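Below: the structure, in structure tokens.
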Amino acid sequence: MDPAAILALVIDALSWAFLMGGAFFCVVSAVGMLRMPDFYTRCHAAGLGDTMGVALIFIGLGLQADGDLMVLIKLAFTWAFIWITGPIATHALVKAAYARGFAIEDNTPTAGAAHAD
Amino acid sequence: MPIEALLFVLLVVLALAIAHMRDLFAAAMLFSIFSLLSAGMFTLMDAVDVAFTEAAVGAGISTVLILGTLALTSNEERNGPFRLTPLLVCLGLGATLIYGTRDLPVYGDPGAVVHHHVAPEYIEGSHNIHIPNVVTTVLASYRGYDTFGETTVVFTAGLGVLLLLGGAARRRDPEEEAAPQATSEVTS
Amino acid sequence: MFAVCMVGLLITMVLAMVRAIAGPTVFDRILAANAFGTQTVLMIAVSGFLAGRPEWLDLALVYALMNFIGVIAVLKFVRFGNLASDQPGRPT
Amino acid sequence: MSLDQWHHIGSIALLCTGLYIVISRDNLVKKMMGLNIFQVAVIFFYVTMGKVTGGTAPIIPADAHGHEVLYSNPIPHVLMLTAIVVGVATTALGLSLIVRIQEAYGTAEEDEIVRLDLEEIG
């Protein structure tokens with residue numbers, strides 16, 4: 001077996017692992033978003049998909065880019081962008097919710113959620 | 001059945017949820033998800049330019065516009081009575097239209113008539129003038145006047161919005177000056 | 001392998017959609033919309049590789065930008081425009 | 001009718017939902033959302049027609065020399081590009097009309113507006 005074939009096999013195996021790991025993190029974050037009891041814990045679950053899922057999937061895609069520099073640059077930009085904006089958006093969301101008077105300690109939301117449909 | 005069919009089911013479910021939702025802010029959030037999902041489907045159906053436009057103007061601007069309107073109007077829908085007639089009209093229309101589509105080509109049929117008239121010519125022409133994106137070629141070259149008309153429409157609409165919301169009718173009344181300014185801080 | 005990844009992303013999208021429809025509060029819906037936007041970016045990126053046209057990543061980049069702007073706009077309305085309707089006594 | 005035509009059935013289901021929102025709801029903002037759903041349904045009707053099985057997006061790759069690549073039909077994409085932009089323009093105009101109606105009548109519910117108009121006449 002020549003080295004090029006082995007390298008291709010290793011790269012394929014690595015990107016399988018990264019893509020599956022990313023998809024796993026995404027599904028876990030969605031399940032958490034569905035099953036967690038209150039809003040803040042749901043935010044915590046959603047953060048998982050925004051960071052870990054995106055990172056692993058983009059690394060896996062980058063391994064499959066065949067060294068195409070333009071594709072790698074675009075991947076890196078998108079990844080960096082989501083990594084910066086995802087936590088900012090979640091932070092702003094939690095801050096807005098806290099300012100609107102959602103309780104943190106007990107699991108019963110205050111007046112804010114009592115009138116939701 | 002391809003993956004797009006599953007996404008189409010999700011899209012219809014979202015549309016029904018929007019119809020059901022009485023809280024207009026929640027409906028606006030669902031509408032933003034609706035736009036995102038439809039744009040993802042455009043990508044899967046090879047319509048990348050449509051997805052690009054939908055991303056730029058559909059998902060982004062429409063949602064923000066609706067939210068801006070909600071900030072200036074009420075954001076709870078009144079609970080009206082259930083009406084049977086619109087439902088029957090819609091179901092009848094749907095049945096008629098589905099009956100009408102029986103003779104149309106199936107999904108992705110390469111032999112459909114629509115693919116064999118001008119489309120190959122456009123692709124050929126785009127190849128000859130060295131513009132990689134065929135949609136750009138057709139939009140800017142073959143149908144340049146069409147696009148010019150489109151910009152005229154957008155300009156007219158912008159003019160209309162300006163006349164309606166920032167026009168002379170408001171400036172005449174000094175007491176009402178305070179209220180629009182307070183709301184314009186919200187939308188800016 | 002892209003197809004398997006795609007299936008995972010689709011499951012995520014369906015679950016996020018359920019959270020968006022179920023609510024119960026406005027912030028849950030915004031959170032679900034944000035997560036859905038991230039999933040759309042991922043789906044477009046993966047589908048580009050699935051179709052053998054990785055150039056479509058431009059689209060993913062635009063979506064990442066639009067999603068962020070959209071969420072921040074929504075949050076601005078919630079925070080300052082007093083848009084979230086689930087609290088009584090808000091100025092309309 | 002066969003399930004191979006699921007794209008037509010889906011478009012028509014969306015179209016009917018949009019139409020139902022427009023004609024059965026009184027709230028004007030909800031009506032605008034219904035119109036947008038209607039518009040997306042029409043766009044889907046066109047875009048699904050342009051799809052060719054095994055085809056790719058109508059962007060000629062840098063390394064394509066001959067015409068051996070099969071592309072999806074670009075014409076529906078062009079038409080729908082125009083439709084989306086014009087649709088957003090009309091949405092903006094409609095929503096600003098709703099804002100003016102709210103200022104003039106104090107409500108954005110259609111039956112209330114009709115009632116106020118009738119009271120003014122009678």
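Order of the sequence lines fixes the chain letters, A, B, ..., with proteins taken first and strands second; residue numbering starts at 1 for each chain. Because the structure is predicted, anything quoted here is derived from the model rather than measured.
Among the candidates B/Val64, B/Val13, B/Leu37, the residue making the largest number of heavy-atom pairs closer than 4.5 Å to chain C is B/Leu37. Ranked by heavy-atom pairs under 4.5 Å with chain C, the first of B/Ile18, B/Leu14, B/Leu6, B/Thr63 is B/Leu14.
Note that the CG atom of B/Leu163 and the OG1 atom of B/Thr156 stand 11.0 Å from one another [nearest 0.5 Å]. Distance check, rounded to the nearest 0.5 Å: CZ of B/Phe52 to OH of C/Tyr63 gives 9.0 Å. Note that the CE atom of B/Met29 and the CG atom of C/Leu31 stand 10.0 Å from one another [nearest 0.5 Å]. Once rounded to the nearest 0.5 Å, the distance linking CG of B/Asp49 with OG1 of B/Thr136 reads 5.5 Å.
Across all non-hydrogen atoms, the minimal contact from C/Met17 to B/Leu10 is CE-O, 3.8 Å. In terms of heavy-atom proximity, B/Tyr142 sits nearest to B/Gly125 at OH-CA, 3.6 Å. Closest approach of B/Ala26 to C/Arg29, counting heavy atoms only: CB-NH1, 3.2 Å. Of all heavy-atom pairs spanning B/Pro110 and B/His115, the tightest one is O-CD2, 4.0 Å. Across every non-hydrogen atom of B/Ile98 and B/Thr101, the tightest pair is O-OG1, 2.9 Å. C/Ala20 and B/Ile33 make their closest contact through CB-CD1, 3.5 Å (heavy atoms, listed as atom of the first residue, atom of the second, distance).
Put simply, the side chain of C/Ile30 reaches to within 4.5 Å of the side chain of B/Phe25, judged on heavy atoms. Residues B/Tyr107 and B/Met45 meet the side-chain proximity criterion, which asks for heavy atoms closer than 4.5 Å. Taking the side chain as every heavy atom from C-beta outward, B/Leu159 and B/Phe155 approach each other to under 4.5 Å.
Using non-hydrogen atoms only and a strict 4.5 Å limit, the part of residues 1-13 of chain C facing chain B consists of C/Met6, C/Leu10, C/Met13. Residues of residues 35-48 of chain C that come within less than 4.5 angstrom of chain B, heavy atom to heavy atom, are C/Phe36, C/Gly37, C/Thr40, C/Met43, C/Ile44, C/Ser47 in numerical order.
Of the atoms belonging to B/Ala28, not a single heavy atom falls under 4.5 Å from chain C. Looking at C/Ile69, there are no atoms closer than 4.5 Å to chain B (heavy atoms on both sides), in backbone or side chain. B/Ala51 touches chain C through backbone and side chain together, each having a heavy atom under 4.5 Å away. Heavy atoms closer than 4.5 Å to chain C are found in the side chain of B/Leu44, but not in its backbone. For a residue to count as touching a neighbouring chain, one of its non-hydrogen atoms must lie under 4.5 Å from one of that chain's; by this rule B/Leu30 touches chain C with the side chain only. With a 4.5 Å cut-off on non-hydrogen atoms, B/Thr43 touches chain C through its backbone and its side chain both.
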